[in-house]
Chemist: 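Take this structure, written in structure tokens, and hold onto it; I'll ask about it next.
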There are 2 protein chains.
Amino acid sequence: MEITDALDLLKEKGYKYTGKREKMVRLFSEKRRYLSAKEVLLDMQEEYPNLSFDTIYRNLTLFEELGLLETTEFKGEKQYRFSCGSTHHHHHLICTKCRKTISFEMCPMNVIFGSPKDFMITGHKFEIYGYCSDCMEAGV
Amino acid sequence: MEITDALDLLKEKGYKYTGKREKMVRLFSEKRRYLSAKEVLLDMQEEYPNLSFDTIYRNLTLFEELGLLETTEFKGEKQYRFSCGSTHHHHHLICTKCRKTISFEMCPMNVIFGSPKDFMITGHKFEIYGYCSDCMEAGV
DNA sequence: CTCTTTGCAAAACATTTGCATGCCT
DNA sequence: AGGCATGCAAATGTTTTGCAAAGAG
């Protein structure tokens, strides 16, 4: 996913590409890792000091609905990251310190399961947690 | 995990086996599925009408620390279930309607990965979501 | 009798909503 | 101009904490 894709998606659906939305998109595009609503707010407030949580949440929710952002849940907080692009299903290694992610394509569902007859599968979650090389070196 | 194991664990660590704790343990032992704090409270209040959330949370936290309960996170709520017993690592199929779980021993970590050099793995989460046979029939 | 457990009340924290105003197209 | 976006304030929902009273070993 690139910034221009995000812009197109918003336009296409009739949403406005405001300065705040642009900055939010740029933030996610630069960081490429999971961010909490609070982190987004703090970063945004450098440019928009009056910005408040409701706008952040409204836009995070909108972006998620549009498929711009992928989400997961982490220590009781929802976490958002720029979508890797929906071309193929994938999973992540997630650094629990800096929340950087590394994608990988292997999916256990393909490898292992047939479909159990007594359970209708609708989804799954597979995430690997640990420390990325930077955070390892920093001495966790 | 059986009720008597829970009792032993509490005694062993010097915690008291109060009527409320006993009922909580029995509840989890009977249900054998994920329950939210609210569900636990509602069930408990049939016997203890004045019981409040703080006691529930304190005991849920204690039980989790003791390894009596396994937890996961689900729609912004923490969910607790009676531990399957720590004899071997396992994962769950989770019915998203009734939160019943079905254990399975296959772990994708064993099957697929060596250890990537640039990431120190400390944990993982693998859960499969869907509808159990009961909820399928009930016509979700 | 002592230390743990509980109830009460209040607070902390993440998230959501109503409403009036402001801004993009 | 018209509809979407935002700020403000207040509410919601989950979970935590301090303190004093009650209960278990």
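Note on naming: letters A, B, ... go to the chains in the order of the sequence lines (proteins, then strands), and numbering restarts at 1 for each one. Since the model is a prediction, treat every value here as computed from it, not as a measurement.
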Chemist: Does the side chain of A:T72 come under 3.5 Å of the side chain of A:K125 through a donor N or O and an acceptor N or O?
Modeler: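 Yes - a donor-acceptor pair under 3.5 Å links their side chains.
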Chemist: Between atom CZ in B:R21 and atom P in C:dT4, what is the gap in whole Å?
Modeler: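 Rounding to the nearest Å, CZ of B:R21 and P of C:dT4 are 11 Å apart.
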Chemist: Starting at CG of A:N59 and ending at P of C:dC24, how long is that distance when rounded to a whole Å?
Modeler: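 In whole Å, C:dC24 P and A:N59 CG are 14 Å from each other.
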Chemist: How is B:R58 classified with respect to the nucleic acid when contacts are heavy atoms under 4.0 Å: base, sugar-phosphate, or nothing?
Modeler: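 B:R58: base contact, heavy atoms under 4.0 Å.
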Chemist: Measure from NZ on B:K75 to C1' on C:dT15 and round the result to the nearest Å.
Modeler: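 Those two atoms, NZ and C1', are 17 Å apart.
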Chemist: Less than 4.0 angstrom between a side-chain N/O of A:T18 and OP1 or OP2 of D:dT6, yes or no?
Modeler: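 Looking at the OP1 and OP2 atoms of D:dT6, one of them is under 4.0 Å from a side-chain N or O of A:T18.
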Chemist: Tell me which of B:S36 and B:Y15 sits closer to the 5' end of DNA chain D, going by the nucleotide each one is nearest to.
Modeler: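 Closer to the 5' end of DNA chain D: B:S36.
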Chemist: Counting only heavy atoms not in A:K31, do more than 12 fall under 6.0 Å of its NZ?
Modeler: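 12 or below, so no.
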Chemist: Given atom CG of B:L51 and atom P of C:dT5, what is their separation to the nearest angstrom?
Modeler: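 Result: 15 Å.
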Chemist: Please determine whether a side-chain nitrogen or oxygen atom of B:S52 lies at a distance below 4.0 Å from atom OP1 or OP2 of C:dC8.
Modeler: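 No, no such contact exists.
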Chemist: D:dT14, OP1 or OP2 - any side-chain N/O from B:K38 closer than 4.0 Å?
Modeler: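 For B:K38, the contact criterion (side-chain N or O under 4.0 Å from OP1 or OP2 of D:dT14) is met.
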Chemist: In Å and rounded to the nearest 0.5 Å, what is the CG to CG distance from B:D43 to B:L27?
Modeler: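 Here the rounded value is 4.5 Å.
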Chemist: For B:E77 and C:dA14, what is the distance between atoms CD and C1' respectively, to the nearest whole Å?
Modeler: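 Between C1' of C:dA14 and CD of B:E77: 13 Å.
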Chemist: Side chain of B:K20 only, heavy atoms from C-beta on: which candidate in D:dG7, C:dT5, C:dT6 is closest?
Modeler: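 For the B:K20 side chain, the nearest candidate turns out to be C:dT6.
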Chemist: Let's see if you can work this out: which of C:dT15, D:dA5, C:dG7 has an atom nearest to the side-chain heavy atoms of A:K78?
Modeler: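 Between C:dT15, D:dA5, C:dG7, the one nearest the side chain of A:K78 would be C:dT15.
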Chemist: When A:E70 is tested against each of A:Q79, A:H90, A:M1 for side-chain contact (heavy atoms from CB on, under 4.5 Å), which residue passes?
Modeler: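 So the option named by the test is A:H90.
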Chemist: Give a yes/no answer on whether the side chain of A:K13 brings an N or O atom under 4.0 Å of OP1 or OP2 in D:dC4.
Modeler: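 For D:dC4, neither OP1 nor OP2 has a side-chain N or O of A:K13 closer than 4.0 Å.
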Chemist: Test for a donor-acceptor pair under 3.5 Å between the base of C:dC3 and the side chain of B:K16, counting only N and O atoms.
Modeler: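 Answer yes: a donor N or O sits under 3.5 Å from an acceptor.
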Chemist: Test for a donor-acceptor pair under 3.5 Å between the base of C:dA9 and the side chain of B:D54, counting only N and O atoms.
Modeler: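 Under the 3.5 Å cut-off, the side chain and the base do form a donor-acceptor pair.
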Chemist: Measure the distance from OH on A:Y17 to P on D:dT6 and round it to the nearest whole Å.
Modeler: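 For the pair A:Y17 OH and D:dT6 P, the rounded distance is 12 Å.
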Chemist: Taking 4.0 Å as the cut-off, does a side-chain nitrogen or oxygen of A:Y57 come that near to OP1 or OP2 on C:dT16?
Modeler: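 False: A:Y57 side-chain N/O out of range (4.0 Å or more) of C:dT16 OP1/OP2.
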Chemist: Give me the ring orientation class for B:F104 and B:H91: parallel if the planes are under 30° apart, tilted from 30 to 60°, perpendicular past 60°.
Modeler: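 It falls in the tilted class, 30° to 60°.
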Chemist: Round to the nearest Å and state the distance from B:F53 atom CZ to C:dT6 atom P.
Modeler: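 My rounded result for the distance is 16 Å.
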Chemist: What's the CD-C1' distance between B:E73 and C:dC13, to the nearest Å?
Modeler: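 My rounded result for the distance is 14 Å.
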